[in-house]
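Because the structure is a prediction, the values reported are computed rather than measured. Numbering of ligands and ligand atoms starts at 1, following listing order. Numbers here are sequence positions counted from 1.
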Amino acid sequence: MTSISKAPGKIILFGEHFVVHGNRAILGAIDKYATVTSEKTNTNNILISSSLGQASIEKDENVSNIEKKFRPFFYIAKEIISKNNFENGISIKIESDIPIGAGLGSSSACCVAAAASVSNLFNNTNEKEVLELSIQAEKTIFPNSSGADCTVSVHGGIIEYQKEKGFLKIETENEFNFLIIDSEQVHATDKVVEQVKKFKDENSDIFSELCSEEERLVTKALESMKSNDLETMGKCMAQNQIYLEQIGVSNDILLSITKEIEQITFGAKITGAGGGGCIIALTQKNNDLSEFMNTTKYQTHNVSIQKTGMQVFNR
Ligand code: MEV
């Protein structure tokens, strides 16, 4: 049997970084996907292949000895092999159309699709278990992950997420459209999260005040989303961008893209870790942004929120 799983990338509408420190965040799944194909093999090895390379690793190998780019997938296969007392190996092929290191949840979507695909080889498609496994897998390379990105990739749609409380689906009338502008500066999420932790340690009062401000902003943003008030929602995004600048995850390029795009959209901000990656701007479906898109030197993508999260198929 060949098991295939598809999991979406994400944008963070509000609350990245603050969510690592206990705040709420709002995320949406987007129409860009990671696809993982897996099979049981007759060997004793775990075979992993992706655009980043290939590896064939003895399944008894220690997870911490595995190269970072293969580690989460090795972890997933090893966990499932051991749970099911399986005597042979597994092959895992990862494909993705989500840009890597751009803040669009590429790594989480790959972990979710791998956890779902390999679990399904053993007839388990329980969403809660797939989510738990994908978060643990992501933590093998990014121990401080809040779990938000994997959660929206499993469940799809728009969610409110808090580390301690888990997720809540947000039902809205509007599907929301965004323009993503990729600064093409690759970032490493774990490094930017470390940098924010340092900022927090050195400026505890300021950070705590910003967390409270961000909480109030999330409440206001949720109201604007539920009442389909795009003007207010865009203003909340612009305010969130200011808080992200204050904790030091923006830079001159991100700021200049934000300033330019917010003049022709409802509002714009970094999405994800920052320090590079993408800016998202709230648009209307029939907004004509072709002039900007044709003249900017950056790659742009129109995305809408995807209601469906991870999916699993057999072939
Ligand atoms: C990364 O997409 C979002 C961060 O908030 C980290 C996390 O939530 O784990 C920066």
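- The closest approach between any non-hydrogen atom of Phe18 and ligand 1 is not below 4.0 Å.
- Under the 4.5 Å side-chain criterion, counting only non-hydrogen atoms from C-beta, Asp190 is in contact with Lys68.
- By the 4.0 Å heavy-atom criterion, Gly103 is excluded from the residues contacting ligand 1.
- If you number the atoms of ligand 1 from 1 as listed, the ones under 4.0 Å from a heavy atom of Ser145 come out as 9 (O).
- Using a 4.0 Å cut-off to heavy atoms of Glu16, the atoms of ligand 1 that qualify are 5 (O).
- If you number the atoms of ligand 1 from 1 as listed, the ones under 4.0 Å from a heavy atom of Ile12 come out as 2 (O), 3 (C).
- Here the shortest heavy-atom distance to atom 1 (C) of ligand 1, taken over Thr271, Asp190, Val196, Asp149, belongs to Asp149.
- At a 3.5 angstrom cut-off on N or O pairs, Thr189 does not count as close to ligand 1.
- By the 4.0 Å N-to-carboxylate-O rule, Lys139 lies too far from Glu132 to be salt-bridged with it.
- Ion pairing between a basic and an acidic side chain is recognised when a charged N comes within 4.0 Å of a carboxylate O; Glu202 and Lys198 show such pairing.
- Using a 4.5 Å heavy-atom cutoff, the side chains of Leu210 and Phe18 are in contact.
- One finds no salt bridge joining Lys93 and Glu39 here, because no Lys/Arg side-chain nitrogen approaches an Asp/Glu carboxylate oxygen to under 4.0 Å.
- For ligand 1, the polar-atom distance check finds an N/O of Ser146 within less than 3.5 Å of one of the ligand's N/O atoms.
- For the 3.5 Å distance criterion, the side chains of Asn174 and Thr172 fail to qualify, holding no donor opposite an acceptor.
- Side-chain polar atoms of Gln284 and Asn177 form no donor-acceptor pair below 3.5 angstrom.
- Close contacts between ligand 1 and Lys10 involve ligand atoms 2 (O) [criterion: under 4.0 Å to a heavy atom].
- Phe313 and Met310 sit in two unconnected hydrophobic clusters of ILVMFWY residues. Membership requires side-chain heavy atoms under 4.5 Å apart, directly or through other members.
- Every atom of ligand 1 is numbered from 1 in the order shown, and the set under 4.0 Å from a heavy atom of Val19 is 5 (O), 8 (O).
- Atom 5 (O) of ligand 1 has His17 N, 2.9 Å as its closest protein atom, hydrogens excluded (heavy atom only).
- Closest protein heavy atom to atom 6 (C) of ligand 1: Val20 CG2, 3.7 Å.
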